[in-house]
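What follows is a set of notes on a single structure, which appears directly below.
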Amino acid sequence: MKTTDKGFNTKLIHAGAFEDEYGSVSVPIYQTSTFKFKNAQEGADCFSGKSGGFIYTRIGNPTIRAFEKKIAELENGYEGIATSSGMGAITSVYMALLGAGSHIISSEAVYGPARGVLEQDFSRFNVEASFVNTSDIEKVRASVKPNTKVLYIETPANPTMDITDIAACSRIARECNLILVVDNTFSSPYLQKPLDFGADVVLHSVTKFINGHADIVGGVIVTKDPGIYKRIRHSMVYMGCNMDPTQAFMVLRGVKTLAIRIERAQENAIKVAFYLQSHPKVAWIKYPGLESHPQSQLAKTQMKGPGSMMSFGLTGGFNAGKRLMDNVHLATLAVSLGGVETLIQHPASMTHAAVSKESKLAAGISDDLVRFSVGIEDAEDIISDLRDALENA
Ligand SMILES: *Cc1c(COP(=O)(O)O)cnc(C)c1O
């Protein structure tokens, strides 16, 4: 069925699906490494790209293809490229768009390994990187150098919830001939479609909202331009960070409920944010749905809703944050986010424990910051869990 002219929920269910010879309603798992050619000519046509037939699963596979087509439609893009993980998506994009002597500008509060691989690995190949507060658009403009090729932003950023103006970045990208890449993991295409605001490439850790059930790791890239698509697909296939057919099957199943999961989690998150905002032990809270968020107006212009991620700090600082972790029972103490279950994390004592205090502060990660990913449980239960834990924190 043609779904390009249909609504988002219809696309979630039907886009990318194809009919197999048995009339299978869900897309089957094509668990095969390789595909048989009927004859030498068919093999030749597959390799030349003339027939579009499948050759080998690292290069392409029907189950993976169905997910790539679906996500491309959801992001209003040209084509999708599924990867083994979110980092597989990020490194494929870097590999395709950067080279010796080139420069990338990235958000200061970008996902840690997305920064680490530039500083520790791409630097060995003479790729330069600047990390700036991309919420300050003048800082972005001032960082552009003659060799800048890529402007890479994450919005909302992890875990600071800082928001970057995608349309303003896209204007700078057009002026300076840069490729604008947006990590859209925190919003998912349901809440935010960066390509509509002028981004060239959008990528996700599928592990989070898109799959939504904390049971697989995966990534995906969507481009607007066929030329950029070709370059990134080439890098992904040559580096071998393809998605696996079973992984694709799981994501195809998980993504169908993306909109209803997000609506529900967001409804809960709004209630949780108001509760935390008025709690005497909560020193501050950053949630795009609260007027107190410095960019709540910008959030309204580029996001359909404030989502279900928030960060907050306790008046008791680092130790109170740790005690809160030990006293929650419903919220699960774990990294990751965007699943049906509520997750809580304390970056200063967990994910960012090894990061120097200066780097943490520069990235906006204070010692008291607690990251909260609100799930789809009953809001009353999430709030009562927080109420009890805060009493002991
Ligand atoms: C988790 C995450 C990634 C990395 O994805 P993996 O699937 O863990 O490799 C990248 N960006 C953001 C914003 C993330 O939250």
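First listed ligand is number 1; within each ligand, the first listed atom is number 1. Here the structure is a predicted model, which is why all the values come from computation and not from measurement.
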Is a side-chain donor or acceptor of Asp378 paired with a backbone partner of Glu380 at a separation under 3.5 angstrom? no

Is there a donor-acceptor contact under 3.5 Å linking the side chains of Thr148 and His103? yes

Step through it carefully: locate the ring centre of Tyr190, locate the ring centre of Phe8, and say whether they are under 6.0 Å apart. yes

Could you label the plane-to-plane angle of the Tyr94 and Phe122 rings as parallel, tilted or perpendicular, counting under 30° as parallel and over 60° as perpendicular? perpendicular

With a 4.0 Å heavy-atom cut-off, what residues sit around ligand 1? Ser85, Gly86, Met87, Ile90, Tyr111, Glu154, Asn158, Asp183, Thr185, Ser205, Thr207, Lys208, Val217, Gly218, Leu337

Quick one: sort the Phe312 and Phe372 rings into parallel, tilted or perpendicular, breaks at 30° and 60°. perpendicular

Does the ring-ring contact (aromatic ring centres under 6.0 Å, His included) test come out yes or no for Phe318 and His346, once each step is laid out? CA-CA 9 Å; Phe318 181 87; His346 183 217; 5.3 Å; yes

